[in-house]
Amino acid sequence: MKEEALRKLLEDMSLEEKVYQLVQYQGANYAEDAALTGALEQDHITRRGLELAGSTLCIWGADKLRKIQDACMAVQPHHIPMLFMLDVIHGHRTAFPCPLGLAATFSPEVVEEGAAVAARESAADGIHVTFAPMADLCRDARWGRCMESSGEDPFLNGQMAAAMVRGFQGADLHSPEHIAACVKHFAGYGAAEAGRDYQNVELSEHTLREYYLTGYQAAIDAGAKMVMSAYHTYNGIPCTGNRWLLKDILREELGFDGLLISDYRSVGEMVPHGYCEDYAQAAKAAMEAGVDVDMEGRSYAGNLQKLVEGGFIPMERVDEAVWRVLKLKNDLGLFEDPYHGASEERSRQVQLCPDHRAAARKAAAASAVLLKNEGILPLQPGKIAFIGPYARHQDLRSAWSFSARAEDCVSLEEGAKASPELAGWQLRFASGCTMLDNHTRLAIGGYESSSFEEENQALLREAEEAARWADAVVLCLGEHRLQSGEAASRVSLHLPEIQQKLLYGVLAWNPNTAVLVFSGRPLVLEKESRAKALLACWLPGSEGGPGIVDVLTGKVCPGGKLPMSFPRQEGQLPMSYSSYSTGRPASLTPETDYASRYLDCGNDPLYPFGYGLSYTDFTLTPVCLSSREMRKGETITAWTELTNTGEVTGTEVVQLYLQDLAGSRVRPVKALKGFRKISLAPGETARVEFAITEEMLRFYTGENQWASEPGWFRVMLGTDSRVTEGPCFLLKE
Ligand code: BGC
């Protein structure tokens, strides 16, 4: 539709129509046969409201959504189509690794491809918008939603968020292959105090701007059509009512001009927050802060019209918000095709098709991070026992998998049995123990079994027999998929006790053991790291089994890198490789002197950011610089030569870290500014270059200023964040 016609449409709409364009209801309110469920006169939900609502969330299926679209458009006075939104977080029917696992690929290409597959599948099922990427920087593994993040580093975060937006949205949103992206949760949600979900966030403006806004900015620059506000409080004000965040920062500074939606019920939650007295006040606060759409609209519906009629909210503000809704519908081409190309036939063709499964398998293999290997991986021919709850467990999805199904996942057992590389080997599979301890609390409720003891005794006996029989054991441990995700914060990041008991047994019965850890977050793995090999597998998705088996057999050489540090103990959290130094850095102070350290644990993590081994070896030559001086506007080049000195082809991620040695604001000890993933055959060498621009040296100097300052900068090129050595150059005025 031409912009002029769209403007005309807006002018023609009644206030009631406008208000409902800003209301989004749960899809569960719409019945299967597309008749509205009716009788919903609770929490402001009326049948008319449902029919007039501008969008809905959390339902999918081409036929179902087409019927709902038809039914609502028939009633809507201007026949305005509805938007269908869903959390398509790491795949739709074909699940890819969870976002933290995707970030471990250090491959924006893999991430973009995963988002493109998810867009194709979900669009065929009638979806127009996904609530992704989640660009919340996260440095505290206690927070369950680090599973949905790309970890602790702003640069990596930005790269991955932008890649997701490109994959979802493509070049043309009219295309039935693509959907709109909604970056979330604005802003700083990943820094919840003590890692407890929904908690207050205490971040200085400096830290917020310099580290936490980068990911959202990258997604916005990549063209994300929507932004979602967050649940928490920042600076004493809930984000959903926070004008400074949503107007001054998001609109004015980050330049976002798309549609802003609240998080689920977060408008109304300003009441229990103690910021508003009732839903009417909450609606006013959110509208004034710039929130356009009320997700699960309990506050806008029923209040907004009265607020406008009473003169409390200007009509212009409503028009502005409605315009953004209409604009998004138009950008998606919904006025021409309200179904956006969705059909059952198209859905049948694309869901879980071989190409999508192949992409998911590649991503699962690329996400695996080899943390330790004393020569037992890849597996050698012989008798192999796959032991542990994840050996046979089929559900390799994350908590954010509305549309992907457990029964479509391929387990490790199935993957191993189908692997041509393992053909002719002797394989045994034993669960070894239950996934969870008895009485474990999950976000969705409890886990309890009356036969827990007997069941585990039998499983342990079976495991012992298999371990003693085998030449090598692959011990498959991990978190339950619902132990990470929303509302899944934990203070203990150890594996369940019952799994630790199995670990001790297996290590004693067969020291030739490789431990696989499935998780949505960094875990404390000191005990597990005593095994000969340790592989982080995340929550690897529909093709997790075959993808991980590809790594175990050496069909794929592991190349993943940690997107978050793995702590030695929970007490070290939050942590990041990119912290500030102190006046008393532990590394420069004798053990007995006062320094910034713990008495009972080192400062360093067990496995650092950017770390991951390979089946081959790489060497890097010392860093060379094209010049030891730089002026503003100039670029210098840093390079190294990377050689594969081992015996198999493998990939390495060369990482560029910079340190500003002194600044008017203290600078981190190092910060990632670039990376390259390079594949080399044995004996092969590649020159790996990075351009260093003055822009990369800028930081938030205060008072709205981003600037670089003249002085010395260290350049480090390494294969993980532990690198410290590198030449310096001088930035001149
Ligand atoms: C989450 C959002 C999500 C929304 C809709 C909320 O609870 O915080 O990330 O997009 O639900 O499912």
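Ligands are counted one by one from 1 in listed order, and the atoms in each one are counted from 1 as well.
Nearest to atom 11 (O) of ligand 1 by heavy atom, out of L86, T130, D263, is D263.
No side-chain donor from either of R397 and H90 sits under 3.5 Å from a side-chain acceptor of the other. Side-chain N/O atoms of D136 and Y212 include no donor and acceptor closer than 3.5 Å. Side-chain contact check for S150 and N157: at least one donor-acceptor pair (N or O, by modelled atom type) lies under 3.5 Å.
Taking atom 12 (O) of ligand 1 as the reference point, the nearest protein heavy-atom neighbour is D87 OD2, 2.4 Å. Protein heavy atom in closest approach to atom 9 (O) of ligand 1: H185 NE2, 2.6 Å.
Taking the ring centroids of H128 and F84, they lie under the 6.0 Å cut-off.
Considering backbone and side-chain atoms together, Y264 places no N or O closer than 3.5 Å to any N or O of ligand 1. Looking at ligand 1, you won't find any N or O of Y189 less than 3.5 Å from one of its N or O atoms. Annotation: E148 places no N or O atom under 3.5 Å from an N or O atom of ligand 1; distance criterion only. Residue W400 has no nitrogen or oxygen atom sitting less than 3.5 Å from a nitrogen or oxygen atom of ligand 1, judged on distance alone.
For R145, the closest heavy-atom approach to ligand 1 falls below 4.0 Å.
Near K184, meaning under 4.0 Å from one of its heavy atoms, ligand 1 places the atoms 2 (C), 3 (C), 9 (O), 10 (O). In the vicinity of L57, heavy-atom distances shorter than 4.0 Å reach the ligand 1 atoms 5 (C).
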_salt bridge (Lys or Arg N to Asp or Glu O under 4.0 Å) between D248 and R243, worked out_ = CA-CA 7 Å; D248 301 2; R243 260 193 264 190; over 6 Å; no
*salt bridge (Lys or Arg N to Asp or Glu O under 4.0 Å) assessment of K67 paired with D63*: CA-CA 6 Å; K67 284 183 193 155; D63 261 3; 5.1 Å; no
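Proximity of M134 to ligand 1, defined as any heavy-atom pair under 4.0 Å, is not found for any part of the residue.
Counting heavy atoms from C-beta outward, Q69 and P81 have side chains that approach closer than 4.5 Å.
Using a 30° and 60° split on the angle between ring planes, W538 and F566 fall in the perpendicular class, above 60°.
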